[in-house]
Amino acid sequence: MAEITAALVKDLRETTGAGMMDCKKALVESDGDIQGAIDWLRKKGLSAAAKKSGRVASEGLVGVALAPGKVAMVEINAETDFVARNEAFQVFVETVAKLALETGEDVEALKAAAYPGTGRTVAEEIVHLVATIGENMTVRRVAVIEVPGGVAAAYIHGALKPGLGKIGVIVGLEGAAGEAIETLGRQIGMHVAATRPDALSIAEVDPATLEREKNVLSDQARASGKPEAIIEKMVEGRVKKFYEDVVLLEQIWVHDGESKVKAVVEKAGAKITRFVRFHLGEGIEKEATDFAAEVAAAAGV
């Protein structure tokens, strides 16, 4: 039997919004497994959480850079929000995003790239910035989308300056390049920033996630006491709603509140090839108490 600590109960409560005693019971029932406890609470109707949201434990900036038919996005972390407003740090993020257009999605290749005008690599420039600014930092992740003959677009939510902010989305669109498709690309980026889809299409939904969702929905439906034939239809309807929550093409277009994203894209004569959403610090646990040491190690300091 796993030890059910107060910290574990607190984490589950913050994630699901369920009561303290319900959280403790859920953890006991799941032998301390957080995801199992979330599913248990949902089956009992005590939590509406579908997944644990990323918990921000770092600062810095998300930056994007555009070239014809190509877009790059980087996340560069620092210790405090103060650094995000430092001009030298902002220039660094802008420059690294532009370099990513050439180096691609390999973080190590990006860190090994020559940093313009310094004779240093990106990794060495990080060490220089640490000494200059006084905070540790690291290039955490990078995404690049290329659409030859199509459109690559970017959107930064709440930008500190053009191309820099805390939430970024990049989108690839096949279709005749032009102002209308470019505008659509930016609108899709805005939509993704707001709705946080997990997959582009139903076919791309993670099978394990779908199976777990069906299990939860089936147990919820059986609790109604209805016959199995009706339960099957109930689950089918709820799975459809699940897809509308997590699949971009199945979502309702935020810009009109009624059309599906796939209908909007088809009407424009376009096709979404890929999207990527970065939320600064997402997935870094608050419990990682020595973040300074973590980023110093990643930067090679």
[X] and [Y]: side-chain donor and acceptor closer than 3.5 Å?
X: Asp256; Y: Ser259; answer: yes
X: Asp33; Y: Ser30; answer: no
X: Thr273; Y: Glu174; answer: no
X: Gln35; Y: Asp39; answer: yes

Is it the case that more than 12 heavy atoms not belonging to [X] sit under 6.0 Å from its [atom1] atom?
X: Arg85; atom1: CZ; answer: no
X: Lys70; atom1: NZ; answer: yes
X: Lys24; atom1: NZ; answer: no
X: His255; atom1: NE2; answer: yes

Notebook entry, point to check: Under the criterion side-chain hydrogen bond (donor to acceptor under 3.5 Å, both in side chains), which of Arg140, Lys166, His279 is the partner of Glu75?
Noted result: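 Exactly one option meets the side-chain hydrogen bond (donor to acceptor under 3.5 Å, both in side chains) with Glu75, and it is Arg140.
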Next item on the list: Establish whether Tyr155 and Leu66 are linked, either directly or via other cluster members, by ILVMFWY side-chain heavy-atom contacts under 4.5 Å.
Entry: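 Unlinked, Tyr155 and Leu66 end up in two clusters.
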Next item on the list: Indicate the ring-plane relationship of Trp253 and His191, choosing parallel, tilted or perpendicular according to the 30° and 60° boundaries.
Entry: parallel
Next item on the list: With side chain to side chain donor-acceptor pair (under 3.5 Å) as the test, would you mind laying out the steps for Thr80 and Glu59 before giving the verdict?
Entry: CA-CA 5 Å; Thr80 69; Glu59 296 297 340; over 6 Å; no
Checklist line | Inter-residue atom distance Leu12.CG - Trp40.CH2, 0.5 Å rounding | finding: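 Between atom CG of Leu12 and atom CH2 of Trp40 there are 10.0 Å.
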Margin query: With rounding to the nearest 0.5 angstrom, report the CD1 to CD1 distance, Ile170 to Ile188.
Written below: 13.0 Å
Check: Looking at side-chain heavy atoms only, is the closest gap between Glu236 and Lys214 below 4.5 Å?
Finding: no
Notebook entry, point to check: Can you check whether Glu213 reaches Glu211 side chain to side chain, under 4.5 Å on heavy atoms?
Noted result: no
